[in-house]
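Note that the structure is a prediction, hence the values are computed from the model and not measured. A note on names: the letters A, B, ... follow the listed sequences, proteins ahead of strands, and every chain is numbered from 1.
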Amino acid sequence: MLDKKLLIKSPEIVKKNLSSRGYIFDDDQWIKLEEERKIAQVNLETNQENLNKLSKEISKSKDDESLKDQASSLSTLVKQDKEILQSIQNNIDEFLLDIPNLIDKSVPVGEDESSNEIIEEIGDLPNFSFEPKAHSFFIDKTDEGRGAKIAKSRFTVLSGELAKLHRVIGQFMIDTHTNDHGYEELYVPYVVNKTSLVGTGQLPKFEEDLFKLGEKSDLYLVPTAEVPVTNLHRDEKLNFEQLPLKYVCHSPCFRSEAGSYGKDTKGLIRQHQFDKVELVKICHPDKSEEEHVKLIEDASKILELLELPYRKVVLSSGDTGFSASKTIDLEVWFPSQNAYREISSCSNFTDFQSRRANLKFKSKKGNEFCHTLNGSGLAVGRTLAAILENYQTEDENFIYPKVLKNYI
RNA sequence: GGAGAGGUGGCUGAGUGGUUGAAAGCGCUCCCCUGCUAAGGGAGUAUGUGGUAAUCCCGCAUCGAGGGUUCGAAUCCCUCCCUCUCCGCCA
């Protein structure tokens, strides 16, 4: 949610910024709604004030019938005014919840991912003396269509060595972030309510990407640990000294992936269920830029320890997600595709989620909104896939990255 | 799942229809006093939002959430959520 004060004061700045991500901010509509709101609110509050005064008079002048009649009709009026204001307020809320975050100044302007900018390429690409296999070659051998049998397509079974490797990768990531990077480990619910999803920005706009638990329930499977972890302190006022809070959380993630039919149908790249180690930070607004840089370093470190070639990419304005102000993707090398593929997305959400989740800290100025950040550190399934591809051997097998050897 | 109790400000805790946004205590901030410390005295101390550009001023809202009764609700009624105790079940 954007700052209402900014929206009122300079809608044209907002409009210009948001147009860079292809969002048309209807400032006429906004100004109209705000004017309606102001009239309705002032009207209600004036009538309420008079009614309050009248009520006090009644309490003093015991049972004055004419005063009571007057108050009664005023009360009816106030009730109507409340309904009017409420309906306007609902429209405003709906309008505001639909607006994406402002794009950071440093983000390249462009329509889509073709305008993303490569910041840096790290690590040497593997040089195979044979035709490298796709990771799905290894996965298919263990899954054999059973994920689809048990659940549906885009679910996968791992067995034996691959199941173990999958488990160990997550373990290694958490250990690195807790021991070396100072994150606190969390275990959280894998089911979240609507309020939490509104807080981080998945709702109301992106319901179709989620798995909902039953028609009547307002519970959903987590699409990412970002949701439970960022909402950990929702509606709280943190102490200044607590900041920054740094959490790491390994969780399964469930995404319905509606609208992605035909993309990445093989292997582990795009699944309805996958594991991810998520990094979340809650910090002072002045610090979010530098915390973002450090977050990216922390996530990158995993790829470096695993000795996987990767690159850093800054997403263009048009490719940046709804809640983010700036996003840096880490993309890992997939030899079989001769391409880099996303394995982590590190975003600064500024105060966008904090406003939705009412997440504040106490400062000398009063209560201020925190800034939130998160990034995958990393997606476990895709990491497994990247290891299989980059560490494969000519005999249709693979070896383990050095750092994982004492885990296996 | 069954039976009962309860949800009030940073915390403890009063308050069962009318100057109660809310007693009291603790905590916190500032000032005074005491050669330091301890103790004592005084003042202040919720949030959100609107009128306004405004930390002043004035208003409105907020006592788990949402509805209802009433001129008026923290107080009465209904629904939901949560916490606690006992019983049942269970990893």
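Under 3.5 Å, the side chains of A:Asp235 and A:Asn358 contain a donor-acceptor pair of N or O atoms. A:Glu368 and A:Ser363 form a side-chain donor-acceptor contact under 3.5 Å, judged by distance and modelled atom types alone. A side-chain donor from one of A:Tyr23 and A:Asp98 sits under 3.5 Å from a side-chain acceptor of the other. For the residue pair A:Ser288 and A:Asn348, a side-chain donor N or O sits within less than 3.5 Å of a side-chain acceptor on the partner.
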Nucleotide by nucleotide, 5' to 3', does protein get under 4.0 Å of the base (B), only the sugar-phosphate (S), or neither (-) in nucleotides 79-84 of chain B, counting heavy atoms? ------
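Between A:Asn52 and the phosphate of B:rC60, there is a side-chain N or O to OP1/OP2 separation shorter than 4.0 Å. Taking side-chain N and O atoms only, A:Gln48 has a distance below 4.0 Å to OP1 or OP2 of B:rA61. Considering only side-chain N and O atoms, A:Ser75 lies under 4.0 angstrom from the phosphate OP1 or OP2 of B:rG72. Of the side-chain N and O atoms in A:Lys360, one or more sit less than 4.0 angstrom from OP1 or OP2 of B:rG48. Within the 4.0 Å cut-off from OP1 or OP2 of B:rG51, at least one side-chain nitrogen or oxygen of A:Lys38 is found. Phosphate contact (OP1/OP2 of B:rG18, side-chain N/O of A:Lys68, threshold under 4.0 Å): absent.
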Please tabulate, one pair per line, each protein N/O and nucleotide N/O from nucleotides 89-91 of chain B that are separated by under 3.5 Å, including the distance.
none

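Formation of a donor-acceptor pair under 3.5 Å by the A:Ser19 side chain with backbone atoms of A:Gly22 is not found in this model.
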For RNA chain B, produce a single dot-bracket line, 5' to 3'. Pairs: Watson-Crick or G-U wobble, both distances under 3.5 Å. Symbols: ( ) within strand, [ ] crossing, | other strand, . unpaired. ((((((((.[[[..)..(.....]]]((((((.......))))))((((((.....)))))).[[[[[..)....]]]]])))))))....
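Put simply, CG on A:Leu54 is 16 Å from P on B:rG59, counting in whole angstrom units.
Sorted by first then second residue, the salt bridge (charged side-chain N to carboxylate O under 4.0 Å, His left out) pairs that include residues 2-22 of chain A, not counting sequence neighbours, are A:Asp3-A:Arg355, A:Lys4-A:Glu34, A:Lys15-A:Asp27.
Side-chain contact between A:Thr383 and A:Met173 is present, with at least one heavy-atom pair separated by less than 4.5 Å.
Taking every side-chain heavy atom of A:Arg37 into account, B:rG50 is the closest of B:rG48, B:rG50, B:rC71. Taking the side chain of A:Lys237 as heavy atoms from C-beta on, and the options B:rC71, B:rU47, B:rG50, the nearest nucleotide is B:rU47.
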Tabulate below the donor-acceptor pairs under 3.5 Å that side-chain atoms of residues 108-116 of chain A make, not counting sequence neighbours, or state none.
| unit_1 | atom_1 | unit_2 | atom_2 | d |
| --- | --- | --- | --- | --- |
| A:Asp112 | OD1 | A:Ser114 | N | 3.0 |
| A:Asp112 | OD1 | A:Ser114 | OG | 2.5 |
| A:Asn116 | OD1 | A:Ser316 | N | 2.7 |
| A:Asn116 | OD1 | A:Ser316 | OG | 3.4 |
| A:Asn116 | ND2 | A:Glu113 | O | 3.4 |
| A:Asn116 | ND2 | A:Asp319 | OD2 | 3.0 |

For a quick test of your reading: what N or O donor-acceptor pairs under 3.5 Å do the side chains of residues 397-408 of chain A make, sequence neighbours left out?
| unit_1 | atom_1 | unit_2 | atom_2 | d |
| --- | --- | --- | --- | --- |
| A:Tyr400 | OH | A:Glu161 | OE2 | 2.6 |
| A:Lys402 | NZ | A:Glu307 | OE2 | 3.3 |
| A:Tyr407 | OH | A:Asp175 | OD2 | 2.7 |

